[in-house]
2 protein chains.
Amino acid sequence: MMETYLLKALKELALLGALDNWIEISSNEFAERIKSSQQTASRYLIQLGRNGLIERRMGLKKQMIKITSEGKELLQKEYDQYKEIFEMKDRLIFRGIVVSGMGEGKYYTSKEGYIRQFEEKLGFKPYPGTLNVKIDEIEINKLRQLKNYKGLTLNGFTAENRTFGSVKCFPARINNKKIKCAVVLPERGHYSNIIEIVSPHYLREKFKLRDGDKIDLTIEIR
Amino acid sequence: MMETYLLKALKELALLGALDNWIEISSNEFAERIKSSQQTASRYLIQLGRNGLIERRMGLKKQMIKITSEGKELLQKEYDQYKEIFEMKDRLIFRGIVVSGMGEGKYYTSKEGYIRQFEEKLGFKPYPGTLNVKIDEIEINKLRQLKNYKGLTLNGFTAENRTFGSVKCFPARINNKKIKCAVVLPERGHYSNIIEIVSPHYLREKFKLRDGDKIDLTIEIR
DNA sequence: ATTACTAAGAACCGAGTAG
DNA sequence: TCTACTCGGTTCTTAGTAA
């Protein structure tokens, strides 16, 4: 486990140039930089070393320090999260697990009234059946947000003496792979923590997915 | 002062969408997300609120949370640092303070042999005298890095029965403002923690600088 | 169900200091 | 100089629990 104060220390070392180069620094100088005591700075450096995040070479005075590839990876992950926060205004990312639907998905993908519109508006003929993804409870907030975006609307229609409601679609990606698919949400209806995905492909096979597998879902909102 | 664990908590809230929207969340759900106990999650939310980083609205169940502009600013600063680490491969940023030189700067800016080359290679006629910036001790590592880059070379020459050595120049910015200037480093010579800056302008006046003022120095390395 | 207080234990910090 | 140990004080965490 990564303590947050160690992450901050690692970030400071990176800012001092230790990502690509060895830097020479004393625990005292580092302490000044991170606004701590010399003892704490020393302890941080020891712990960063033990965690494999930096490499150290002790000199007679000071020490040489360089961030390892693991350390760099950790910082990169952090950077990616900030990018997600500030740059991804045109998409929402959900984490969820694959579950078995109860056959509702076949509605969308087998009624001629929907199929025609899938082809018109999304440009593909859907494989019959949807992939159901259960969104982490905590991300239901984002799901609510998603419902506020326009997306592409497939109009409702009447057939076989009953009505089929309008639905909204958003182009999507599974695990960030470039395989055509889209999420489908009923225009009206209850909140649900299950997202249904349509695609021209049989997604379970294409992605080798089984119930319970975790997936990332990136949804384009414009 | 901002504890690092609160920053992490704030980041998680941002990832959950609390930057632009109110999100509904319970301390338990949040605890799960940040891998802590419910009590700790609750305490974090209280502290984030007290620090003015989030706004909270308590419901009967759960609570509504939104990151404030101060909270956003804090995250943005963090993001900027990561950008500096990963994206600024073509520049180095130094922090330092303005000091009085001992007249050496006039060398570069008054000898015809240098002046001609400044005009040729940097495109300006230097104001006589340099601005001297003392780099924070700890950033000497980066200064060493800087000396490895090529930059623009002003060739040495002989005049008045002595030799004047080659120097390296790098285009630079002070406090990220678009005023033409460049740092000058002797091609050979001792390490120093003083950087000299040449410019067509009298920089002390242009930036209203006095000894002891802190400045940021952005140096272009290609 | 929820938030959040209390209290005790766990983790962290830094002055003193050895090597 | 340096690094890094010990140890007492402080801060953080979480089980228990009230509201």
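Source: prediction; values computed, not measured. Lettering follows sequence order; numbering is per chain, from 1. Because only heavy atoms are used, hydrogens play no part in the values below, and waters and symmetry mates are left out as well, while side chains stay in.
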message: Does C:dT3 have OP1 or OP2 under 4.0 Å away from a side-chain N or O of B:Ser27?
response: yes

- prompt: Should A:Ser37 be listed as having a side-chain N or O under 4.0 Å from OP1 or OP2 of C:dC13?
  reply: no

Would you kindly give the [atom1]-to-[atom2] distance between [X] and [N], to the nearest whole Å?
{"X": "B:Asn28", "N": "D:dA15", "atom1": "CG", "atom2": "P", "value": "11 Å"}
{"X": "A:Arg57", "N": "D:dC2", "atom1": "CZ", "atom2": "P", "value": "21 Å"}
{"X": "A:Phe30", "N": "D:dC2", "atom1": "CZ", "atom2": "P", "value": "16 Å"}
{"X": "A:Tyr5", "N": "C:dC13", "atom1": "OH", "atom2": "C1'", "value": "10 Å"}
{"X": "B:Glu32", "N": "D:dT14", "atom1": "CD", "atom2": "P", "value": "14 Å"}
{"X": "A:Lys62", "N": "D:dA4", "atom1": "NZ", "atom2": "C1'", "value": "18 Å"}
{"X": "B:Ile34", "N": "D:dT14", "atom1": "CD1", "atom2": "C1'", "value": "13 Å"}
{"X": "A:Lys61", "N": "D:dA4", "atom1": "NZ", "atom2": "P", "value": "16 Å"}

message: When you compare the side chains of A:Ser27 and A:Gln38, does any donor N or O come within less than 3.5 Å of an acceptor on the partner?
response: yes

- request: Answer with yes or no whether the side chains of B:Thr130 and B:Glu196 bring together a donor and an acceptor at under 3.5 Å.
  value: yes

Looking at side-chain heavy atoms only, is the closest gap between [X] and [Y] below 4.5 Å?
{"X": "B:Phe86", "Y": "A:Leu75", "answer": "yes"}
{"X": "B:Glu24", "Y": "A:Arg144", "answer": "yes"}
{"X": "A:Glu220", "Y": "A:Tyr149", "answer": "no"}
{"X": "B:Ile174", "Y": "B:Val133", "answer": "no"}
{"X": "A:Arg33", "Y": "A:Glu29", "answer": "no"}

message: Counting only side-chain heavy atoms from C-beta out, which of C:dC12, C:dG14, D:dC2 sits nearest to A:Ser26?
response: D:dC2

- prompt: Think B:Lys83 forms a cation-pi with B:Tyr79, using NZ or CZ under 6.0 Å from the six-ring centre and within 45 degrees of its axis?
  reply: yes

- prompt: So is B:Arg204 actually on top of B:Tyr202's ring, under 6.0 Å and inside 45° of the axis?
  reply: no

field: Angle of first-five versus last-five pair axes in the helix from C:dT2-D:dA19 to C:dG19-D:dC2, to 10 degrees
entry: 30°

Name the pairs: protein N/O against N/O of nucleotides 17-19 of chain D, kept only if under 3.5 Å.
none

task: Quick one: do B:Asp20 and A:Gln145 satisfy side-chain contact (heavy atoms from CB on, under 4.5 Å)? Show the steps, please.
output: CA-CA 10 Å; B:Asp20 313 297; A:Gln145 254 179 269; 5.8 Å; no

- request: Give me the residues of residues 42-50 of chain A where at least one heavy atom lies under 4.0 Å from an atom of DNA chain D, by number, or none.
  value: A:Ser42, A:Ile46

- request: Answer yes or no: is there a donor N or O on one side and an acceptor on the other, between the side chain of A:Asp216 and the main chain of A:Arg95, under 3.5 Å?
  value: no

